[in-house]
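Here's the structure, in structure tokens; my notes come after.
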There are 2 protein chains.
Amino acid sequence: MTGTGASSALPAGLPMAVPQEGLPERVRIHEVGARDGLQNEKATVPTKIKAEFVHRLADAGLSTIEATSFVHPGWVPQLADADELMPMLSGLAGRDPEVRLPVLVPNVRGLGRALDLGVREVAVFASATESFARANLNRTVDEALAMSEPVVTRAKEAGVRVRGYLSMCFGDPWEGPVPIAQVAAVARRLYAMGCDELSLGDTIGVATPGHVTALLDALTGGRTPDGADATPVPVEHLAVHFHDTYGQALANTLAALRCGVTVVDASAGGLGGCPYAKSATGNLATEDLVWMLHGLGVRTGVDLDRLSATSVWMAEQLGRPSPSRTVRALTHQEQ
Amino acid sequence: MTGTGASSALPAGLPMAVPQEGLPERVRIHEVGARDGLQNEKATVPTKIKAEFVHRLADAGLSTIEATSFVHPGWVPQLADADELMPMLSGLAGRDPEVRLPVLVPNVRGLGRALDLGVREVAVFASATESFARANLNRTVDEALAMSEPVVTRAKEAGVRVRGYLSMCFGDPWEGPVPIAQVAAVARRLYAMGCDELSLGDTIGVATPGHVTALLDALTGGRTPDGADATPVPVEHLAVHFHDTYGQALANTLAALRCGVTVVDASAGGLGGCPYAKSATGNLATEDLVWMLHGLGVRTGVDLDRLSATSVWMAEQLGRPSPSRTVRALTHQEQ
């Protein structure tokens, strides 16, 4: 937990905070770097490095840090150490302000492992498209929802918060554009199961701001895009998860904030596969998000210098530079 | 002018066009790659490559392409071939729809060279801060404006359109945040000289959307931020020039579009110094801009595949990959 050697070049007084009407006063960042970011890394990251990463993220002021995944170790070898990692994070649970450490659980078995370790918050996942449900889960959309349902039910019985991830909410690599009515229908079902929060994912990064607004309006309104009655999903239960594959993530975030969304997923340093390689997931970098939010006068609780130094430290562990533009600009990182 | 070998991976039907209220139907992109993009390149780009670049940009549907600069050759060696380049572009002038080929001119001498070559549109430049006026022009802000004034006057007399670039409109590396009143005052003076269009530059890329809205409101309103009377600058005479140094350029563009701006500067492939190096200028990549605009249902006239292929071709000439996220995603460009 020592210094990183990275020197910050944050210009004094920048970004200048100029609030804009219609935006929330505070945003909670759901930090996914330790789970979503690391899960695609080929080289195994030592468990103690992961633990240090999560501690550093908490020290930088992040209040919700998705820590790992309780999937079968064969699926995601990088996260096979979840049982060893969680006890190393136990010191964070009692912090003030609270540090939330959700974990991904694919099924009831994974939930059981997580509950045994005292986890207080879990996440399940589903797909808005049949193609991705098949490719990622080898199931239909209905089968994937059916797999999540008992997880949500049992987690709620145990008094544990549940987040539902919904993938491919805007475009799908096989199906192209995804109809808003289709996404809204799956999202409503996931919410109706009892999820406390839905994270709407632009998994391939193709969304643009009007599309974001239209989907959020469809979900929070009392009608489907087809005009039929529907149960609204209150905006305080919605989060957005944008990928920066086409550079659109921050503009999309701005559109979501205007719709009242106050929970935004991001990955420290843009971790999540190199955005320049075919395997890119291209997560929105937390630093780029924080720059915008602080410029808008929106509070996040994050210390940008400290976070940026953490991302540089993690990039050193992984042996390649952070793709975050803000990290590179603040640390004069060359490639 | 042959194929580039770059294969496009544009997912069919993406981005899905979903218009958003309050945005313009059409945006004119002021393409700066050939001038602003190339001027910082150390290795000399052959004149015939520059000419091919401009022709390819026009073929991709860009209607305003800043071609070069008539500065003293000692200042910007890369653009010392302006007199040779312009005649190679003469075939573009008569195209339907029109292709506009503005050039930068620092002084009356440069204007004379440009007029002799039949140039129909020029640009002058000024700084909103004393520090940058001193560093870039070795002048005060007032002296820089005084140098531009006769250029604007003579250009207008010759029936030539004039654009005024204003640098450091949001932050300055020496001065930090730049007061909106100060920027508005210099911008009004530049406009009052007779500029047909002002391009408001975020030269170090630190702006955020609320700041953009506040500056545009200050300029287009009839009062200064201090409450004094002021001459409004009509929004149809304003353009925005964002840098992506901190990843904010598209979110800022969205804010500007909401204010009624319909002219946006961008650089094909994000040309303009490697954004990961200290010398970065970090121009907004035209492809990233076009992706957002087309997703918003805003017409640009640009063929994104063709433009992206052009940027890959230019990147090959320069020997390094394009920093545009959209170019990389569309062409599966590895680094």
Side-chain angles (χ1 to χ4, degrees), chain A residues 11-21 23 170-173 176-178 180 204-214 244-251 253-255 274-278 280 282 285 287-288 291-297 321 324-326 328-330 332-335, chain B residues 11-21 23 170-173 176-178 180 204-214 244-251 253-255 274-278 280 282 285 287-288 291-297 321 324-326 328-330 332-335:
Chain A
L14 294 173
M16 186 165 132
V18 187
Q20 192 160 40
E21 275 180 42
L23 299 185
F170 298 92
D172 174 292
V178 184
I180 289 170
I204 59 170
V206 297
T208 48
H211 197 168
V212 171
T213 302
D244 221 8
T245 322
Y246 294 81
Q248 310 295 311
L250 275 188
T253 300
L254 185 60
C274 180
Y276 311 133
K278 289 186 190 181
E287 290 85 353
D288 296 14
W291 186 279
M292 184 177 82
L293 293 174
H294 289 186
L296 288 162
S324 160
R325 294 193 191 258
T326 299
R328 289 172 184 253
L330 288 180
H332 289 329
Q333 203 178 343
E334 309 267 352
Q335 65 174 4
Chain B
L14 294 173
M16 185 166 134
V18 186
Q20 191 160 40
E21 275 180 41
L23 299 185
F170 299 92
D172 173 293
V178 184
I180 289 170
I204 59 170
V206 297
T208 49
H211 197 167
V212 171
T213 302
D244 220 9
T245 322
Y246 294 82
Q248 310 295 311
L250 274 188
T253 300
L254 185 60
C274 180
Y276 312 136
K278 289 185 190 182
E287 290 85 353
D288 296 14
W291 186 278
M292 184 177 82
L293 293 174
H294 289 186
L296 288 163
S324 160
R325 293 192 192 260
T326 298
R328 287 170 185 254
L330 288 180
H332 289 328
Q333 203 178 343
E334 310 268 352
Q335 64 175 6

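Hydrogens, waters and symmetry mates are skipped; everything else that's a heavy atom, side chains included, is used. Every chain is numbered from 1 and lettered A, B, ... according to where its sequence line falls, protein lines coming before strand lines.
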### Query
Has the side chain of Trp291(B) got a donor or acceptor atom that lies under 3.5 Å from a matching backbone atom of Val206(A)?
yes
#### Entry: Tyr246(B) and Leu330(A), any side-chain heavy atoms less than 4.5 Å apart
yes
### Query
Could you give the distance from CD (Glu21(A)) to OG1 (Thr213(B)), rounded to the nearest 0.5 Å?
10.0 Å
### Message
To the nearest 0.5 Å, what is the distance between CG on Asp288(A) and CD on Gln248(B)?
### Response
6.5 Å
### Task
Name the region of Val212(B), side chain, backbone, both or neither, that has any atom closer than 4.5 Å to a heavy atom of chain A.
neither
#### Entry: Residue part contacting chain A, namely of Leu254(B), when any heavy atom lies under 4.5 Å
side chain
### Summary
For Gly13(A) and Pro177(B) the tightest heavy-atom approach is O-CG, 3.2 Å
### Query
Minimum heavy-atom separation for Gly171(B) to Leu14(A), with atom names?
CA-CD2, 4.3 Å
Which of the residues [options] is involved in the greatest number of heavy-atom pairs with chain B at under 4.5 angstrom?
options: Gly205(A), Gly297(A), Gly210(A), Ala214(A); answer: Gly210(A)
options: Met16(A), Glu287(A), His294(A); answer: Met16(A)
options: Val178(A), Thr208(A), Thr253(A), Leu250(A); answer: Thr208(A)

### Top contributor to chain A contacts, counting heavy-atom pairs under 4.5 Å, from Ala255(B), Ala17(B), Pro209(B)
Pro209(B)
